[in-house]
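Here's the structure, in structure tokens; my notes come after.
What you see is a predicted model, and the numbers here were worked out from it, not measured in a lab. Below, each value reflects all heavy atoms present in this structure, side chains not excepted, and no hydrogens, waters or symmetry copies.
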Amino acid sequence: EEQYGRFQKMPRFKARKEVQVELEKLGLFRGKKDHDMVVPMCSRSKDVIEPLLKPQWYMKMKDMAEEARRVVRDKELRIIPEVHAAEWDRRLSIIYDWCISRQLWWGHRIPAYRLEGSNDELNESFVTAYSMEEAEVLLRKKFSIPANEPIKVLQDDDVLDTWFSAQLFPFSVFDWPDQTEDLNKFYPGDVLETGWD
């Protein structure tokens, strides 16, 4: 909380002026000039919308992409019409890690957990788990916390990206992770129909 000194929690428009004053006092101010830009405005409140940098969750995609390229190359997966196989290969050859987190109030929450009071901006503070109970076990082990010491486990507030959530649908409707009759019968599928995005 104290990392920004007197600017901590200061409203942004006031802080801009105060930062300039501080830079002038320190002899570090180099000038001020106009800069043309589009300033996004909220359609309802007419407030200026400014980006807020926030840590995000990413999924490594390189291994998945290589496997997806291999199964098409080895004819284990067919793309119809086959003319699109080259585009499949091209896109997957230049894959980037996928930002799967969104700051929304609806959706599937990211299964990342931390201890109350820990820094929610450090990856080292988190564990991933299937449930709050599993997360507690993992956090106790990670931070060497005895079983008799009370702790409070918090789940990250971010939710999964819509496309990531969409991939949960085919097996979540069949009561996954339980091995139900429907899950075994209908998942995984052998045909996927897709359209243009």
Q.
A side-chain contact here means heavy atoms from C-beta on lying under 4.5 Å apart; do Asn184 and Gln179 qualify?
A. yes
Q | Residues Ile79, Val72; criterion side chain to side chain contact (heavy atoms under 4.5 Å, CB included); working and verdict | A | CA-CA 7 Å; Ile79 295 180; Val72 170; 3.9 Å; yes
(Q) Does Asp156 form a side chain to side chain contact (heavy atoms under 4.5 Å, CB included) with Trp57? I'd like the steps, not just the answer. (A) CA-CA 10 Å; Asp156 191 76; Trp57 293 100; 3.3 Å; yes
**Q.** Presence of salt bridge, Asp97 and Lys62, under 4.0 angstrom
**A.** no
Q) When you look at CZ of Arg78, are more than 12 heavy atoms from neighbouring residues, nucleotides or ligands closer to it than 6.0 Å? A) no
Q) Same cluster for Leu139 and Leu154 if Ile/Leu/Val/Met/Phe/Trp/Tyr side chains link at under 4.5 Å? A) no
Q: Decide side chain to side chain contact (heavy atoms under 4.5 Å, CB included) for Met64 and Met59; before the verdict, give the C-alpha distance in whole Å, the side-chain angles of both, and the deciding distance to 0.1 Å.
A: CA-CA 10 Å; Met64 183 279 311; Met59 176 175 267; over 6 Å; no
Q: Carefully, step by step, assess Trp98 and Tyr58 under the rule ring pair (Phe, Tyr, Trp, His ring centres under 6.0 Å).
A: CA-CA 5 Å; Trp98 180 8; Tyr58 285 83; over 10 Å; no
Q. Do Arg114 and Glu136 pass the salt bridge (Lys or Arg N to Asp or Glu O under 4.0 Å) test, and can you show the C-alpha distance, the side-chain angles, and the key distance before you say yes or no?
A. CA-CA 9 Å; Arg114 65 181 176 86; Glu136 180 176 342; over 6 Å; no
Q) How far apart are the C-alpha atoms of Lys142 and Glu124, what are their side-chain angles, what is the distance that settles it, and do they pass the salt bridge (Lys or Arg N to Asp or Glu O under 4.0 Å) test? A) CA-CA 10 Å; Lys142 182 174 185 172; Glu124 296 77 32; over 6 Å; no
**Q.** Same cluster (ILVMFWY, side-chain, under 4.5 Å), Tyr187 and Val71
**A.** yes
Q. Tell me, do Phe7 and Glu18 make a side-chain contact under 4.5 Å, heavy atoms counted?
A. yes
**Q.** Same apolar cluster: Val153 and Phe143, side chain cutoff 4.5 Å
**A.** yes
Q.
Can you confirm whether Glu181 is buried at CD, in the sense that more than 12 heavy atoms of other residues, nucleotides or ligands lie under 6.0 Å from that atom?
A. no
Q: Check whether any side-chain heavy atom of Glu82 sits under 4.5 Å from a side-chain heavy atom of Ile80, and report yes or no.
A: no
Q. If every non-hydrogen atom of Arg109 is compared with every non-hydrogen atom of Gln155, which pair is closest and at what distance?
A. NH2-O, 2.9 Å
Q: Decide yes or no for Leu115 and Ser118: does some side-chain heavy atom of the first lie under 4.5 Å from some side-chain heavy atom of the second?
A: yes
Q) Do you know the tightest heavy-atom contact between Gln56 and Ser101? A) OE1-OG, 2.8 Å
Q: Any chance you could measure Asp161, atom CG, to Cys99, atom SG, to the nearest 0.5 Å?
A: 7.5 Å
Q) Do the charged groups of Arg140 and Glu149 touch, with an N to O distance under 4.0 Å? A) no
Q.
If I take atom CZ from residue Phe13 and atom NZ from residue Lys17, how far apart are they, to the nearest 0.5 angstrom?
A. 9.5 Å
(Q) Using the rule that Ile, Leu, Val, Met, Phe, Trp and Tyr join whenever any side-chain heavy atoms are under 4.5 Å apart, tell me whether Trp163 and Leu92 fall into a single cluster. (A) yes
(Q) Under a 3.5 Å cutoff, is there a donor and acceptor pairing between the side chains of Asp158 and Gln103? (A) yes
Q: Output the distance between atom NE2 (His108) and atom CD1 (Ile100), rounded to the nearest 0.5 Å.
A: 12.5 Å
Q: State yes or no: do Leu183 and Tyr130 share one hydrophobic cluster built from I, L, V, M, F, W and Y residues joined by side-chain heavy-atom distances below 4.5 Å, directly or via other members?
A: yes
Q.
Please give me the minimum heavy-atom distance between Ala135 and Val127, naming the atom from each residue.
A. O-CG2, 3.9 Å
Q. Taking C-beta and beyond as the side chain, do Ile151 and Glu116 meet within less than 4.5 Å on heavy atoms?
A. no
Q: Measure the SG-CD1 distance between Cys42 and Ile49 for me, rounded to the nearest 0.5 Å.
A: 5.0 Å
Q.
Counting neighbours of CG on Asp178 that are heavy atoms of other residues, nucleotides or ligands and sit closer than 6.0 Å, is the number greater than 12?
A. yes
(Q) Would you compute the distance between atom CG of Leu160 and atom CG of Leu104 and round it to the nearest 0.5 angstrom? (A) 10.5 Å
Q. Are any non-hydrogen side-chain atoms of Phe164 and Val159 less than 4.5 angstrom apart?
A. no
**Q.** Test: Arg6 and Glu22 ion pair at under 4.0 Å
**A.** yes
**Q.** Side-chain donor-acceptor pair present, Asp182, Thr180, cut-off under 3.5 Å
**A.** no
**Q.** Evaluation steps, side chain to side chain contact (heavy atoms under 4.5 Å, CB included), between Tyr113 and Glu134
**A.** CA-CA 10 Å; Tyr113 303 84; Glu134 182 187 12; over 6 Å; no
Q. To the nearest 0.5 Å, what is the distance between NZ (Lys32) and CD (Gln20)?
A. 5.0 Å
